[in-house]
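Bear in mind that the values here come from a model prediction, so they are computed numbers and not experimental data.
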Amino acid sequence: MALSSYRMHRIYLAATMNYGLGSYDPEELAYYNKIRKEMDDMKKEPVKKGIPLNWDNPEEIDK
């Protein structure tokens, strides 16, 4: 049975707030683990801040 949007939202909130799931349903656990893995992957990626400027070649900005 597919997860309802309500249940998916509840699982998403639990995963993002580092709460336990409180369920042993394999479908819910799989979705919870997927969200947690995506969050861990995002933490590993460097955050690019600011706007990249290229002062040496202004003609490349117009492209």
Side-chain angles (χ1 to χ4, degrees):
M1 185 173 113
L3 293 173
S4 68
S5 60
Y6 172 78
R7 192 66 196 144
M8 289 174 73
H9 181 68
R10 300 290 292 194
I11 294 168
Y12 177 81
L13 289 176
T16 56
M17 298 177 74
N18 290 328
Y19 291 165
L21 185 57
S23 172
Y24 297 110
D25 181 27
E27 193 172 5
E28 291 181 1
L29 284 171
Y31 186 68
Y32 178 84
N33 291 332
K34 177 186 160 199
I35 299 293
R36 293 294 303 161
K37 183 180 180 309
E38 288 176 1
M39 288 178 50
D40 291 340
D41 291 344
M42 282 193 296
K43 288 179 184 176
K44 292 177 185 175
E45 294 176 6
V47 176
K48 297 180 182 176
K49 297 181 181 178
I51 301 170
L53 298 176
N54 190 354
W55 295 107
D56 298 331
N57 298 323
E59 64 272 359
E60 289 183 11
I61 296 173
D62 295 332
K63 289 182 181 179

**Fill in**
The complete set of salt bridge (charged side-chain N to carboxylate O under 4.0 Å, His left out) pairs with one or both residues in residues 11-23, sequence neighbours excluded, reads none
With a cut-off of 3.5 Å and sequence neighbours excluded, list every side-chain donor-acceptor pair involving residues 3-12.
unit_1 : atom_1 : unit_2 : atom_2 : d
Ser4   : OG     : Arg7   : N      : 3.1
Arg7   : NE     : Glu28  : OE2    : 3.0
Arg7   : NH2    : Glu28  : OE1    : 3.3

**Request:** Starting at OG1 of Thr16, measure out to OH of Tyr32 and round the result to the nearest 0.5 Å.
**Result:** 9.0 Å
**Whichever hydrophobic residues join Tyr19 through chains of side-chain contacts under 4.5 Å** = Met17
**Asked** To the nearest 0.5 Å, how far apart are CG in Leu21 and CD1 in Ile35?
**Response** 11.5 Å
**For Lys37, all residues meeting side chain to side chain donor-acceptor pair (under 3.5 Å), sequence neighbours excluded** = Asp41
**Request:** Heavy atoms only: give me the nearest Gly20-Ala14 pair and the separation to one decimal.
**Result:** O-CB, 4.1 Å
**Complete:** Minimal heavy-atom distance between Leu29 and Ser23, with the atoms involved, is CD2-O, 3.7 Å
**side chain to side chain donor-acceptor pair (under 3.5 Å) partners for Asn18, two or more places apart** = Arg36
